[in-house]
Amino acid sequence: VETVDLKRMRSGPTGDRLLSLPLYRAIEKTLEQQEQVIIFLNRRGFAPAIICEACGVAQTCPHCSVALTYHRARGGCMRCHYCDYGSRLAERCSECSVGELILEGLGTEKLERTIAEAFPSARVARLDRDVAGGAKSQRVLDRMRRREVDILVGTQMVTKGHDLPGVTLVGVVNADAALSMPDFRAGERGFQLLVQVAGRAGRREQQGRVLVQTRDPSHPAIAFACRHDVRGFLDRELRDRKEVCYPPFQHLALIRIDAVDEDLARTTAGQLAAFSRSAPEASDVEVLGPAAAPIARLRNRYRFRVMLRAAKRGPLRQVLARLVGELANVERRVRAVIDVDPVSML
């Protein structure tokens, strides 16, 4: 397993910086040896961002506070990956009505096309949620096993335990993408992904090779994954979690609040935070917030959250038990739920 530092390495013959020269040459060599390649990019679509050339504003979903993704295969539409809103690609910016829209970034759809153009004699397939689900994904994998595909481009779907004997090269196009999520488990999930996808190469007699492209090769999740050092990563991650009082050293609960009316959602979040702080057991419970959720609006509902953190479960449970009764008094237009040991912080 090797890292390719994208800050220092120039692009290959395609001109795309995310298809570096070492990765290009490795694909070339693997194809010459009549072996198979998996290219992993955890971002579907053609272009993850649509930017106005004049004002620089990204085109966003009208129902969610997220950028729209351009999908060429769906007839050239902009689509939200959260609520599935879609619209045709406009000629002009919706914000300034002057600038032309340009496509930024790289998704699996564009990567498949780029690789197919760079290696015209290779048979290229894609495995992501846009083209495969259920039986369809199995058909793509069966084609790989029958050696009807030389290069498989895909998202997380290509990492999940598939036994593909002919694969001797795995390329991770952008290892940093999984590490930039606003979640304390981002490093852990990034490490898992890298270890999983690396395990797809060299599963039989031929030795496997993995190239991990990154702008931060010293990041612990990347460095430990490239060495397959699970114990080293766990020790580092546990040390970091302990320093900032995150699980498993403290227990968490989130109060998730959302409403169509932003002010009503914000006010309710403030009231629930104040109620939590006033509970007799709250001296042993840290109440953080209220704060807007990382995705502040989803499906036309504004989202806020309050975090409760405690070293022991007992006081946390007592505060939450009181809070359950208070939720019955919440305005009916507001949705408020308690999420104990939240799996996602988004």
Side-chain angles (χ1 to χ4, degrees), residues 6 11-20 23-24 27 31 36-52 58-61 64 66-91 100-141 143-144 148-160 162 164 167 169-178 180-181 193 197 200 211 213:
L6 292 175
S11 60
T14 66
D16 194 316
R17 285 187 63 90
L18 286 178
L19 195 57
S20 68
L23 180 56
Y24 183 94
I27 295 172
L31 294 176
Q36 293 172 298
V37 182
I38 286 178
I39 304 296
F40 169 58
L41 173 63
N42 205 22
R43 185 164 284 175
R44 61 192 176 99
F46 190 86
I50 305 149
I51 311 291
C52 173
Q59 303 301 292
T60 57
C61 175
C64 309
V66 296
L68 293 169
T69 299
Y70 178 68
H71 289 258
R72 176 166 288 182
R74 293 191 179 187
C77 71
M78 303 184 295
R79 191 161 294 278
C80 174
H81 287 177
Y82 286 88
C83 72
D84 210 34
Y85 163 85
S87 70
R88 301 287 296 178
L89 181 65
E91 291 185 5
E100 293 186 4
L101 298 177
I102 56 176
L103 304 177
E104 290 282 350
L106 181 69
T108 49
E109 190 182 331
K110 184 178 179 181
L111 181 60
E112 178 192 26
R113 178 181 171 181
T114 301
I115 287 178
E117 290 173 350
F119 303 97
S121 62
R123 297 163 296 178
V124 183
R126 174 161 52 100
L127 186 60
D128 59 27
R129 201 163 43 170
D130 292 331
V131 298
K136 289 183 180 179
S137 62
Q138 193 57 52
R139 284 199 289 270
V140 175
L141 293 168
R143 289 177 61 207
M144 281 287 287
E148 295 172 4
V149 174
D150 300 309
I151 304 174
L152 180 63
V153 177
T155 56
Q156 289 188 49
M157 295 178 76
V158 304
T159 72
K160 304 297 183 181
H162 308 303
L164 302 170
V167 174
L169 174 66
V170 167
V172 180
V173 172
N174 184 10
D176 309 310
S180 58
M181 300 295 288
L193 271 178
V197 75
R200 299 314 102 215
L211 291 182
Q213 295 189 155

For a 4.5 angstrom cut-off between non-hydrogen side-chain atoms, does [X] reach [Y]?
X    : Y    : answer
M78  : I50  : yes
M144 : V167 : yes
R79  : D84  : yes
R44  : R126 : no
C77  : L89  : no
V153 : V124 : yes
H81  : R43  : no
L19  : I115 : yes

Straight-line distance of [X] [atom1] to [Y] [atom2], nearest 0.5 Å:
X    : Y    : atom1 : atom2 : result
L41  : K110 : CG    : NZ    : 11.0 Å
S121 : D150 : OG    : CG    : 7.5 Å
T114 : Y24  : OG1   : OH    : 12.0 Å
L211 : L169 : CG    : CG    : 6.0 Å
Q138 : R143 : CD    : CZ    : 13.0 Å
Y85  : T60  : OH    : OG1   : 9.5 Å

Heavy-atom pair of closest approach, residues [X] and [Y]:
X    : Y    : value
L31  : A122 : CD1-CB, 3.9 Å
A178 : L193 : CB-CD1, 4.2 Å
L106 : P48  : N-CD, 3.3 Å
V66  : C80  : CG2-SG, 3.7 Å

Side-chain ([X]) to main-chain ([Y]) donor-acceptor, under 3.5 angstrom:
X    : Y    : result
N42  : T155 : no
E112 : A125 : no
Q213 : S20  : yes

Does V173 form a side-chain contact (heavy atoms from CB on, under 4.5 Å) with F40? I'd like the steps, not just the answer. CA-CA 6 Å; V173 172; F40 169 58; over 6 Å; no
Within a radius of less than 6.0 Å around CZ of F119, do more than 12 heavy atoms belonging to other residues, nucleotides or ligands occur?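 Yes, the 6.0 Å shell around CZ holds more than 12 heavy atoms from other groups.
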Take atom CD in E148; do more than 12 heavy atoms of anything else shown fall under 6.0 Å from it?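 Yes, enclosed.
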Residue from V172, L23, L152 passing side-chain contact (heavy atoms from CB on, under 4.5 Å) with I39: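 Looking at V172, L23, L152, the match for I39 under the side-chain contact (heavy atoms from CB on, under 4.5 Å) is L23.
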Report the C-alpha separation of T108 and D128 in whole Å, then their side-chain angles, then the decisive distance to 0.1 Å, and conclude whether the side-chain hydrogen bond (donor to acceptor under 3.5 Å, both in side chains) test is met. CA-CA 8 Å; T108 49; D128 59 27; 2.6 Å; yes
